[in-house]
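Notes follow the structure.
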Amino acid sequence: MTNYRWLLMDADNTLFDFDAAEDYALSRTLVSHEVTPSPELKARYRIINSALWAAYDQGKISQEAIGPRRFQQFFEETGLAGDPGEWSQSFLRSLAGCPTLLPGAEALCRKLSNRYILSLTTNGISQVQRQRLKDSPLAPYFGDRVFISGEMGCRKPEKAYFETVLEALGAKMQRSKVLVIGDSLSSDIRGAFNARLDSVWLRRPGAKAGAMKPTYEVDSLAQLSHLLGTDRLVHI
């Protein structure tokens, strides 16, 4: 196995429990607008939101447009009414206030920080990611090595995003020592491929493999911790 020095770690659904935070924020937003947060409404929102973020990964929509667009579409498909921009801001405030971590994320970062230089690499919205990181116990492990696409003018999976990160870390000439870790084949793993970096796919339950192949694959943070800690990663 390559002797890595830098780990570029995704945030949502890699370290932070985004699904839990999204459910919390959506429920609060619906209740604050006197709408019962039914499973059907939540499911409809998630379908809309996932499609828009997939379009963002493909460069078809700006991050700024996602918030109002998802609620406008949500209104159209559910018959609800409201100001999409106001609903979006309400949702984002609640989302920023929910720094829930995946089980084992703090222990993982504490362990890995003794052996590697950790960086947080995310396409998430700046105001949300900054606040959640600040309110979580993970902030000390990343310091100022936090790279948010909305602040950079480029995004995962673009090569420019990773080149900017490598430049900031002083790692451009040591690509073989950089490892990208994330749950998304379309942004994390494809981005690593575009930048000629090794990658680990954190495969979530039910996730399907695709044409984009990671260097390594794990099924949980516990497995990732064990494998990185014992140098037993196996090429797939």
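This one's a predicted model, so the numbers in the text were calculated from it and none came from an experiment.
- At distances below 3.5 Å, not a single donor-acceptor pair connects side-chain atoms of Gln73 with backbone N or O atoms of Arg70.
- No more than 12 heavy atoms of other residues, nucleotides or ligands sit less than 6.0 Å from atom CZ of Phe193.
- Between Tyr116 and Leu228, the closest heavy-atom pair is OH-O, 3.0 Å.
- Between the side chains of Tyr45 and Thr29, no donor-acceptor pair is found at a separation under 3.5 Å.
- Within the 3.5 Å criterion, the main-chain N or O of Asp57 finds no donor-acceptor partner in the side chain of Lys60.
- No donor-acceptor pair closer than 3.5 Å links the side chain of Ser225 to the backbone N or O of Leu108.
- Results of the side chain to side chain contact (heavy atoms under 4.5 Å, CB included) test with Asp10 over Asp188, Leu202, Leu120 single out Asp188 as the only residue that passes.
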For residues 90-104, which side-chain N or O atoms pair as donor and acceptor with protein atoms under 3.5 Å away, sequence neighbours left out?
unit_1 : atom_1 : unit_2 : atom_2 : d
Ser94  : OG     : Ser90  : O      : 3.4

Exercise. Which is it for Arg132 and Asp17 under the salt bridge (charged side-chain N to carboxylate O under 4.0 Å, His left out) test, yes or no, and what are the steps along the way?
Worked result: CA-CA 11 Å; Arg132 291 165 75 212; Asp17 189 341; over 6 Å; no
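- For Trp201 (side chain) and Asp183 (main-chain N/O), a donor-acceptor pair under 3.5 Å exists by modelled atom type.
- With Arg203 contributing its side chain and Ala207 its backbone, the two residues share a donor-acceptor pair below 3.5 Å.
- Atom CD in Glu86 sits 9.5 Å away from atom CZ in Phe71 (nearest 0.5 Å).
- Scored by the ring pair (Phe, Tyr, Trp, His ring centres under 6.0 Å) test, Phe16 finds no partners at all (sequence neighbours excluded).
- A 6.0 Å sphere centred on NZ of Lys134 holds no more than 12 heavy atoms belonging to other residues, nucleotides or ligands.
- Listed here is the closest heavy atom pair of Tyr141 and Cys109: CD1-CB, 3.7 Å.
- At most 12 heavy atoms of other shown residues, nucleotides or ligands fall within 6.0 angstrom of atom CZ in Arg190.
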